[in-house]
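The block underneath contains the structure these notes are about, expressed in structure tokens.
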Amino acid sequence: MRVYVMTLFPEMVENTLHTSITGRAMDDGRLELHCVNIRDFSKDKHKRVDDYPFGGGAGMVMAAQPVYDCYQHIHYEIGHDCPVIAMSPKGRTFSQGIAKELSLNQDMILLCGHYEGIDQRVLDEIVTDYISIGDFVLTGGELAACIVVDCVSRLIPGVLGNDESAETESFENDLLEYPQYTRPEEWNGKQVPEILMSGNHRLVDEWRLEKSIERTRSLRPDLFQKALPGLRSSLSNRLKKKFLKREEIYDNMS
């Protein structure tokens, strides 16, 4: 997968992503990261990329011309259309589902804004989607872009080494991940649950599912409600009786 990041601070993205799992993915050729500096495309002799907003107001606005020319440069290099995603609080809230959707692309362009935003005309011209990482304001889109790339890269086959890892993490089937333990068997007076050392994979899987549901219902009731349709049809009778109210089992079955 090739990811192009349009940014005023390429080193911020590169320094973050050229480490750990994403760094190894780049070394292995499974992920290509190209950070393109929007300022390089400014036609201003001082390389300015912003100006005062029409209508007045605080702050500055990124101009359309350098953003558009930067995009044209990338589009020519890619050679075909691909998603152009602006990191913006007005976008879809990023989720594991959106990450899966994006991981299916061969190429992807992420646009990072700064100041008070980007001239709307160029956004209308090039952007195909908007993504937000939450209801708060950052100084720029770079950190948000790093989060998107990190999450999406984990879904590229071979990046994690063990593809099963991506299938058992939090938010799969709208459930949080079960608790994890490692050696020693006893630490600070606390024991590893005996069932995890039983060698019975069926019982271990059932225990993990039970703990995932337990965690989700307690910590993220919103996710639990999203998971209900699947739980109604897939859970054993024992777990249905433990976790689902009678109305939760039968409501909306039709």
Side-chain angles (χ1 to χ4, degrees), residues 1-7 10 12-36 74-75 77-87 91-112 127-134 141-182 196 201-202 204-206 208-209 211-213 215-216 220 223 226-227 229-231 233-234:
M1 183 181 204
R2 292 186 296 181
V3 179
Y4 292 80
V5 182
M6 299 170 59
T7 172
M12 186 175 181
V13 178
E14 291 168 348
N15 291 343
T16 300
L17 293 176
H18 274 282
T19 58
S20 189
I21 290 174
T22 49
R24 291 200 300 270
M26 286 182 246
D27 291 340
D28 294 341
R30 292 185 171 89
L31 175 67
E32 288 185 27
L33 177 67
H34 303 272
C35 295
V36 187
I74 295 171
H75 187 269
E77 185 172 315
I78 293 175
H80 57 82
D81 291 336
C82 70
V84 180
I85 301 162
M87 310 311 302
R92 296 188 290 162
T93 302
F94 191 55
S95 65
Q96 192 70 13
I98 294 176
K100 287 182 178 179
E101 173 190 321
L102 296 179
S103 71
L104 301 177
N105 293 298
Q106 177 185 346
D107 299 291
M108 176 172 66
I109 301 172
L110 302 180
L111 172 59
C112 302
V127 171
T128 62
D129 198 2
Y130 294 88
I131 285 179
S132 166
I133 62 166
E142 283 77 14
L143 291 176
C146 288
I147 288 172
V148 170
V149 175
D150 183 281
C151 188
V152 171
S153 68
R154 296 170 63 84
L155 301 174
I156 300 172
V159 166
L160 290 182
N162 179 4
D163 291 337
E164 185 180 354
S165 295
E167 298 173 4
T168 58
E169 292 178 324
S170 290
F171 307 114
E172 290 299 315
N173 303 315
D174 295 311
L175 293 175
L176 299 179
E177 190 178 10
Y178 47 80
Q180 298 277 16
Y181 301 87
T182 189
L196 297 180
H201 296 296
R202 182 185 65 80
V204 168
D205 288 345
E206 185 170 289
R208 285 174 167 171
L209 176 59
K211 293 302 177 184
S212 287
I213 297 171
R215 272 187 167 185
T216 307
R220 290 291 305 273
L223 276 182
K226 287 179 64 179
L231 295 178
S233 60
S234 64

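For clarity, every value in this text was computed on a predicted model and none was experimentally measured.
We find the CG-OG1 distance between Leu176 and Thr216 to be 3.5 Å, quoted to the nearest 0.5 Å. Between Asn173 atom CG and Ser212 atom OG the span is 9.5 Å, to the nearest 0.5 Å. Between the CG atom in Leu110 and the CG atom in Asp129 there is a gap of 10.5 Å [rounded to 0.5 Å]. To the nearest 0.5 Å, the span separating CD1 on Ile85 from OG1 on Thr128 amounts to 6.0 Å. Atoms CD1 and CE, from Ile147 and Met87 in turn, are 8.0 Å apart once rounded to the nearest 0.5 Å. With rounding to the nearest 0.5 Å, the separation of CD1 in Ile109 from NE2 in His34 is 11.0 Å.
Leu223 places none of its side-chain heavy atoms less than 4.5 Å from the side chain of Leu175. Contact check for Leu102 versus Ile98: side-chain heavy atoms found under the 4.5 Å cut-off.
Residues satisfying the side-chain contact (heavy atoms from CB on, under 4.5 Å) criterion with Thr16, sequence neighbours excluded, are Cys146. Shown here are the side chain to side chain donor-acceptor pair (under 3.5 Å) partners of Glu101, two or more places apart in sequence or in another chain: Arg92. Pro179 pairs by the side-chain contact (heavy atoms from CB on, under 4.5 Å) definition with Tyr181, Trp207, Lys211, Arg215, not counting sequence neighbours. Under the side chain to side chain donor-acceptor pair (under 3.5 Å) criterion, Thr7 pairs with Glu142, sequence neighbours left out. Here Ala99 pairs with Phe94, Cys151, Val152, Leu155 under the side-chain contact (heavy atoms from CB on, under 4.5 Å) rule; sequence neighbours left out. Considering only residues two or more places apart in sequence or on other chains, Asn15 meets the side-chain contact (heavy atoms from CB on, under 4.5 Å) condition with Glu11. Every residue was checked against the ring pair (Phe, Tyr, Trp, His ring centres under 6.0 Å) condition with His18, not counting sequence neighbours, and none meets it. Not counting sequence neighbours, the partners of Arg220 by the salt bridge (Lys or Arg N to Asp or Glu O under 4.0 Å) test are Asp222. For His80, the side chain to side chain donor-acceptor pair (under 3.5 Å) test picks out Asp107, with sequence neighbours left out. Under the side chain to side chain donor-acceptor pair (under 3.5 Å) criterion, Lys100 pairs with Glu172, sequence neighbours left out.
The shortest non-hydrogen separation linking Cys112 to Val5 is SG-CG1, 3.7 Å.
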Which donor-acceptor pairs under 3.5 Å do the side chains of residues 20-31 make with protein atoms, sequence neighbours left out?
| residue | atom | partner | partner atom | Å |
| --- | --- | --- | --- | --- |
| Thr22 | OG1 | Leu17 | O | 2.7 |
| Thr22 | OG1 | Thr19 | O | 3.1 |
| Arg30 | NE | Pro157 | O | 3.4 |

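For residues 12-21, the set of pairs meeting the salt bridge (Lys or Arg N to Asp or Glu O under 4.0 Å) definition, not counting sequence neighbours, is empty.
Between the side chain of Thr93 and the backbone N or O of Gly134 there is no donor-acceptor pair closer than 3.5 Å.
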